[in-house]
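Data block below; observations after.
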Amino acid sequence: MTSVQGFGACLQEHALQFPRPSYNDSCRRRKRTALWRSPQAAILPNAHLPMRSLEVKNRTSADDIKSLRLVTAIKTPYLPDGRFDLEAYDALVNRQIENGAEAVIVGGTTGEGQLMSWDEHIMLIGHTVNCFGGSIKVIGNTGSNSTREAIHASEQGFAVGMHAALHINPYYGKTSIEGMISHFNCVLSMGPTIIYNVPPRTGQDIPPHVIQTVAQSPNLAGVKECVGNNRVEQYSNQGIVVWSGNDDQCHDARWNHGATGVISVTSNLVPGLMRELMFGGNNPPLNAKLMPLMDWLFFEPNPIGLNTALAQLGVVRPVFRLPYIPLPKAKREEFVKLVKQIGRENFVGEKDVQVLDDDDFILVSRY
């Protein structure tokens, strides 16, 4: 707000200094063009956005994020017309809180941020903060392959109160290693940030050199790493906080390779068991018990499996925003068996799990 007042005052000051020009004045000024200097107001830095990242609520330091062990990449449910089902969403987040999750990623890959407009995206972050920000950390996925877009989305996310941002490296239109460093340095200036490395989706690995370079920023909370546990151990040995991004590797990452915890998809379904996996010590039997569920969830690209599972549990409506479609019926039948093996009491929701028919699902193409 201070910069806005200064900007207006500066404009007013210069407006008073210059009388209405005459024809002769205009001719003389054209001859002195090379000596003309811009008024101060026109060169004030960072005055171009309506929201400043310092003018926010819930201001959090990176240290507050570094200790998180169980972070759920939360699902976004839909109404039959494709709009957000906020009632179902709130129930999902409440179940995470009740079962010990410490943070949620809003609008990530699992939450289908890639299918949202930025207006929807920021609205959902703000809604989550307003309803749950006092009970759980809210980490908004404001990453983009456009640095300009990532900065603007992060400005807005922090302005509505998110505690930290999740940022991916530029994908599709990939950049150089130095360009990647420049991109991350720009978004790190916004506030506490988790960098997300998932080469199968971006087509480009974030090499350790990049993380080691940007780790000089006090706003780097850590790295969500999907390359594997050797990389996890490398970062943890260097004092860089790292979360496993692979549910099927997170137990070993946590107890054998130095990971702080996991950013999980599976915890949408069994948050209590995932908390036990991250907090209860080395537990190979529990890890083995959950492995078939994890394998099932990622049979097709995430979030297809999760969307199908939550619909079968009666927790969300069976609505998919295209291009996602439900798993085939054979896999839906397999999920019912998995729920019975693990125990229905360990899953979210109160209804009996059921096999949905193809006609039960609604696929929305315009949303």
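The shown structure was predicted, so the numbers you read here are calculated from the model rather than taken from an experiment.
- Contact between Leu277 and Met294 at its shortest, heavy atoms only, is CD2-CE, 4.3 Å.
- Remark: Asn282 pairs with His251 by the side-chain hydrogen bond (donor to acceptor under 3.5 Å, both in side chains) rule, at least two apart or across chains.
- Among residues two or more places apart in sequence or in another chain, the side-chain hydrogen bond (donor to acceptor under 3.5 Å, both in side chains) test is passed with Lys75 by Asn307.
- The ring pair (Phe, Tyr, Trp, His ring centres under 6.0 Å) test applied to Tyr367 returns no partner, not counting sequence neighbours.
- For the pair Asp352 and Arg344, the salt-bridge criterion is not met [side-chain N within less than 4.0 Å of a carboxylate O].
- With a 4.5 Å cut-off between side-chain heavy atoms of Ile, Leu, Val, Met, Phe, Trp and Tyr, the cluster of Tyr171 takes in Ile65, Leu68, Val71, Ile105, Ile139, Leu166, Ile168, Tyr172, Ile194, Tyr196, Val198, Val241, Trp243, Ile263.
- With a 4.5 Å cut-off on side-chain heavy atoms, Phe347 and Val353 do not count as touching.
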**OP:** For Asp205 and Arg231, run salt bridge (Lys or Arg N to Asp or Glu O under 4.0 Å): C-alpha distance rounded to whole Å, both residues' side-chain angles, the deciding distance at 0.1 Å, then the answer.
**Re:** CA-CA 11 Å; Asp205 180 34; Arg231 183 75 64 85; 2.9 Å; yes
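- Under a 4.0 Å N-O distance rule, the pair Lys66/Glu102 does not qualify as a salt bridge.
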**OP:** May I have the step-by-step check of side-chain hydrogen bond (donor to acceptor under 3.5 Å, both in side chains) for Asn219 and Thr193, ending in yes or no?
**Re:** CA-CA 6 Å; Asn219 280 336; Thr193 298; over 6 Å; no
Original post:
Under the salt bridge (Lys or Arg N to Asp or Glu O under 4.0 Å) criterion, do Lys331 and Glu334 qualify, and how do the steps go?
Top reply: CA-CA 5 Å; Lys331 298 301 290 185; Glu334 184 182 334; 3.0 Å; yes
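- Annotation: side-chain hydrogen bond (donor to acceptor under 3.5 Å, both in side chains) contacts of Lys174 (sequence neighbours excluded): none.
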Original post:
When you look at His167 and Ser154, which way does the side-chain hydrogen bond (donor to acceptor under 3.5 Å, both in side chains) test go after all the steps?
Top reply: CA-CA 9 Å; His167 280 284; Ser154 298; 2.9 Å; yes
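- Counting only residues at least two apart or on different chains, the ring-ring contact (aromatic ring centres under 6.0 Å, His included) pairs with a member in residues 77-133 are Trp118-His121.
- Atom CZ of Arg83 has 12 or fewer neighbouring heavy atoms from other residues, nucleotides or ligands inside a 6.0 Å radius.
- Across all non-hydrogen atoms, the minimal contact from Met180 to Thr175 is N-CG2, 3.5 Å.
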